[in-house]
Number of protein chains: 2
Amino acid sequence: MSSHTPIGRKITLNDIAAGCDVSRATVSLVLRGSPLVNKLTRARVEDELRRQGYVYNRAAANLRRNTSSSIALVLNDLANPFFAEFAAGVDEALGAAGFVTLLGCTGESAAREQAVLGSLLEHGPAGIILSPAEHSEAHQVLAAVGRRVPLLLFNRELGGTLPEYAHWDQLMLDNQHGARLATEHLIARGHQRIAFFGGHHDSSSCRQRLAGYLDAMRTAGLRTEPHWQVECAPTRLDAAHRTSVLFDATQVPTAAVCYNDAVALGLMLGLNQRGLRPGRDFALTGFDDIAEAALGMPPLTTLSTAPQERGRQAAQLLMQRLQQPQAASQQTIAPVQLVVRESSCPPPAH
Amino acid sequence: MSSHTPIGRKITLNDIAAGCDVSRATVSLVLRGSPLVNKLTRARVEDELRRQGYVYNRAAANLRRNTSSSIALVLNDLANPFFAEFAAGVDEALGAAGFVTLLGCTGESAAREQAVLGSLLEHGPAGIILSPAEHSEAHQVLAAVGRRVPLLLFNRELGGTLPEYAHWDQLMLDNQHGARLATEHLIARGHQRIAFFGGHHDSSSCRQRLAGYLDAMRTAGLRTEPHWQVECAPTRLDAAHRTSVLFDATQVPTAAVCYNDAVALGLMLGLNQRGLRPGRDFALTGFDDIAEAALGMPPLTTLSTAPQERGRQAAQLLMQRLQQPQAASQQTIAPVQLVVRESSCPPPAH
DNA sequence: ACTTACCTTTGGATCGTTCCAATTCGGCAA
DNA sequence: TTGCCGAATTGGAACGATCCAAAGGTAAGT
């Protein structure tokens with residue numbers, strides 16, 4: 001168990017009732033705007049509520065009514081702008097529907113995820129929106145959450161596909177299609193030697209994007225070299241470090257489809273260090289359309305995922321599930337949109 | 001009033017008690033690790049808890065004990081990386097202390113702030129961390145929150161200083177000192193015509209930074225032109241638009257102290273559009289040290305505020321206040337640190 | 001006067017937990 | 001046998017709201 005902070009005595013329904021000589025029940029009816037109460041009584045009670053500065057105790061009400069007015073939002077990394085915007089969208093939609101958001105950050109640790117889920121569950125959320133930590137496993141999540149509380153998975157799949165897995169709703173990005181769009185765009189610009197740069201192949205989103213890239217290349221009848229598939233951590237720093245791998249062998253690519261914007265920005269940095277001008281001497285695309293993508297030098301061609309809108313959508317999907325707990329689970333794939341900017345230049349003329 | 005979502009029947013202490021033939025009270029003692037219970041009983045109960053998949057109902061416990069285990073975090077703009085990192089820090093520290101974070105975003109609207117505060121209060125948080133919306137007034141906040149729940153103000157002051165105002169704790173950044181550091185740094189680099197760019201003068205943080213800038217200029221015996229003080233919204237887009245104002249008149253500055261990083265990045269964009277290379281032809285500094293500051297082209301000289309650490313600090317300050325509700329209110333000013341990068345070049349030789 | 005109806009109000013039980021005073025029980029000394 | 005002690009357990013009353021069945025009051029209909 002754990003901490004508890006004592007609270008000063010609060011004004012309750014009884015105080016109001018005593019203050020204007022009616023019963024608790026009547027005050028409760030007034031609070032909920034019941035048409036049963038007499039106009040004059042209502043006015044009297046409302047005055048008293050204001051006079052005493054009454055604050056509704058939703059926890060007590062939820063206990064009695066066996067309801068919940070909160071939803072847990074568990075994120076792997078709030079410091080990442082993508083998830084921050086997502087969270088803003090979730091909170092906006094939930095707030096509008098009268099729910100309050102219980103926040104929990106896991107910092108990409110599956111162990112912390114367990115702890116956070118456990119702690120949030122004790123507060124009785126009506127549902128959970130979970131963007132899993134990197135090595136989070138389906139059976140762990142199931143053990144922490146149980147089947148009682150609806151869960152919406154966002155952005156990543158869980159490790160170890162169980163049958164229970166299918167029980168949860170999902171909201172994913174259309175990674176494969178997005179990467180195909182980016183690749184096709186570069187091909188249309190005239191590129192033939194195109195690399196896929198960044199990400200870890202044990203992340204589902206990376207595998208999907210890679211598949212989209214390979215798909216587009218195959219369809220266009222273009223060859224792909226093994227050393228054009230470069231793995232790295234999805235950070236700018238690591239991407240910049242790994243830039244050289246692209247240029248070590250003989251068949252040097254003229255463009256790269258990057259795992260995400262962070263990687264693309266890192267690659268830009270690496271290119272600059274080699275004396276290559278991104279968007280002039282080498283073309284590249286990103287994924288996510290984070291705020292700085294539009295403001296890079298050059299501005300980055302990327303796939304817009306509208307994270308805030310995804311947040312609203314996630315909230316909607318979960319609330320829909322709360323209405324119909326028995327409906328079949330939904331796998332939603334959110335569309336992504338190619339945003340063409342200057343980083344995806346044609347190949348340099350020889 | 002508003003929404004409520006029905007919840008399936010949960011396992012309660014009664015179920016456990018019945019399941020292993022002890023009383024509710026004993027099970028409760030086991031849950032709280034009381035030394036009173038017999039070892040064998042404890043083992044039996046713990047088995048049963050696991051067997052039935054019991055989940056502690058903290059709301060009910062809080063109701064009975066008149067305690068709270070949540071803290072409300074109300075932010076003006078979660079999509080801004082500065083506040084996102086701050087939120088991550090708050091959640092981390094609160095989580096470690098066994099509190100859960102109730103999130104609320106106001107989107108810079110004082111009206112929404114009222115609504116959000118009201119809604120969160122109904123869930124009975126032990127305290128509130130508030131980063132106010134732009135035109136939020138002290139008396140409004142007081143009306144919404146009352147004096148019962150401790151509040152920590154972060155980052156901005158409220159409009160309309162009331163006597164009540166002093167009742168709240170504050171955590172602010174050392175804006176004035178930071179801006180003076182940045183200005184002095186540019187002066188040391190050899191600049192003489194330095195602008196202050198961005199922000200709205202009706203925001204307290206902007207006024208403080210402007211004061212720091214003016215202070216440093218005056219101390220160095222440098223003149224300041226009125227048209228070197230450019231107001232704009234604290235966003236990249238607006239900053240980029242307003243760039244031209246700096247170059248319209250005769251006395252053209254060679255450097256700018258920007259209100260924050262977002263503005264600085266926008267100004268960089270605007271400079272590029274005019275054919276000026278930031279960090280070569282024109283020097284500039286930011287404020288906040290958001291993640292992309294280090295990775296801009298060029299990397300941005302700025303003031304590090306360590307937002308995640310600020311978040312932890314805010315949580316600590318508030319929890320300290322919960323321990324000692326009667327102690328005198330604290331005004332904390334967090335130090336900021338100048339991080340020199342390439343954007344603050346010397347002035348170009350003529 | 002008596003039933004019927006409607007409008008309004010109400011007491012008491014209840015949600016899941018904790019607190020408190022009281023109880024049970026075995027052992028041990030008188 | 002009785003009495004007392006400590007260790008372990010327990011029933012019932014809270015916490016602040018809601019639900020429900022029932023009651024009070026007024027007005028109309030017969």
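Numbers restart at 1 for each chain; the letters A, B, ... are given by sequence-line order, proteins then strands. Worth saying up front: this structure is predicted, and the values here are computed from it rather than measured.
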Asker: Taking atom C1' of D:dG16 as reference, at what distance in whole Å does atom CD of B:E122 sit?
Answerer: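 Nearest whole value for this atom pair: 14 Å.
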Asker: Is it the case that A:T26 and A:S23 place a side-chain donor and acceptor less than 3.5 Å from each other?
Answerer: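 The answer is yes; a qualifying pair exists.
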Asker: Checking B:R58 against B:S70 for the side-chain contact (heavy atoms from CB on, under 4.5 Å) test, could you report, in this order, the C-alpha distance in whole Å, the side-chain angles of both residues, the deciding distance, and whether it holds?
Answerer: CA-CA 10 Å; B:R58 199 163 287 246; B:S70 60; over 6 Å; no
Asker: Reckon A:R32 has a side-chain N or O less than 4.0 Å from the OP1 or OP2 of D:dT18?
Answerer: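 Yes, within the criterion.
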Asker: Should A:T41 be listed as having a side-chain N or O under 4.0 Å from OP1 or OP2 of C:dT9?
Answerer: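 A:T41 to C:dT9 OP1/OP2: side-chain N or O found under 4.0 Å.
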Asker: Examine D:dT18: is either OP1 or OP2 under 4.0 Å from a nitrogen or oxygen in the side chain of A:S28? Give yes or no.
Answerer: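 Indeed, a polar side-chain atom of A:S28 lies that close.
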Asker: Taking atom types as modelled and ignoring hydrogens, do the side chains of B:N62 and B:T67 form a donor-acceptor contact shorter than 3.5 angstrom?
Answerer: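 Yes, side-chain donor-acceptor contact under 3.5 Å.
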Asker: Would you say D:dG16 has OP1 or OP2 under 4.0 Å from some side-chain N or O of A:T12?
Answerer: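 So the side-chain polar atoms of A:T12 never come under 4.0 Å of the phosphate oxygens OP1 or OP2 of D:dG16.
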Asker: Expressed in angstrom and rounded to an integer, what is the separation of B:N62 atom CG from C:dC19 atom C1'?
Answerer: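 So the two atoms are 15 Å apart, to the nearest Å.
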Asker: Without decimals, in angstroms, what is the distance between B:N38 CG and C:dC25 C1'?
Answerer: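 Rounded to the whole Å, the gap is 13 Å.
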Asker: On DNA chain D, check which nucleotide each of B:S23 and B:A60 is closest to and give me the residue with the more 5' one.
Answerer: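 Of the two residues, B:S23 wins.
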Asker: Answer yes or no: does a side-chain N or O of A:R65 lie under 4.0 Å from OP1 or OP2 of D:dC19?
Answerer: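 Indeed, a polar side-chain atom of A:R65 lies that close.
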Asker: OP1 or OP2 of C:dT9 less than 4.0 angstrom from a side-chain nitrogen or oxygen of A:T26, does that happen here?
Answerer: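 No, A:T26 has no side-chain N/O under 4.0 Å of OP1/OP2 on C:dT9.
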Asker: Can you check the B:L13 CG to D:dT10 P distance for me, whole Å?
Answerer: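 Rounded to whole Å, this separation is 13 Å.
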Asker: Whole angstrom is fine here: how far is it from CG in A:L29 over to C1' in C:dG11?
Answerer: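 Atom-to-atom, A:L29 to C:dG11, this comes out as 13 Å.
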Asker: So among A:I16, A:D15, A:V22, A:D21, which one has a side chain to side chain contact (heavy atoms under 4.5 Å, CB included) with A:E48?
Answerer: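 Only one of A:I16, A:D15, A:V22, A:D21 forms a side chain to side chain contact (heavy atoms under 4.5 Å, CB included) with A:E48, namely A:I16.
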Asker: For B:L31 and C:dT18, give me the distance from atom CG to atom C1', rounded to whole Å.
Answerer: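 So the CG-C1' distance, B:L31 to C:dT18, works out to 11 Å.
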Asker: The side chain of A:R64 lies closest to which of these nucleotides: C:dT10, C:dC15, C:dC19?
Answerer: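 Of C:dT10, C:dC15, C:dC19, C:dC15 is nearest to the side chain of A:R64.
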Asker: Looking for any heavy atom pair under 4.0 Å, which part of the strands does A:A25 touch: base, sugar-phosphate only, or nothing?
Answerer: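 Base contact.
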Asker: Could you walk me through whether B:I71 and B:I128 satisfy the side-chain contact (heavy atoms from CB on, under 4.5 Å) test, starting with their C-alpha distance in whole Å, then the side-chain angles of each, then the deciding distance to 0.1 Å, before giving a yes or no?
Answerer: CA-CA 6 Å; B:I71 281 180; B:I128 302 178; over 6 Å; no
Asker: How many Å lie between CG on A:N14 and C1' on C:dG11, as a whole number?
Answerer: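 Going from A:N14 (CG) to C:dG11 (C1'), I get 12 Å.
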Asker: Would you kindly give the CG-to-C1' distance between A:N66 and D:dC20, to the nearest whole Å?
Answerer: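 Those two atoms, CG and C1', are 17 Å apart.
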Asker: If you check every side-chain atom of A:R24, which of C:dG12, C:dT10, C:dT8 has the closest atom?
Answerer: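 Nearest to the side-chain atoms of A:R24, counting from C-beta on, is C:dG12.
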Asker: Which nucleotide, C:dT17, C:dT10, D:dA17, lies nearest any side-chain atom of B:N57?
Answerer: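 The answer is C:dT17.
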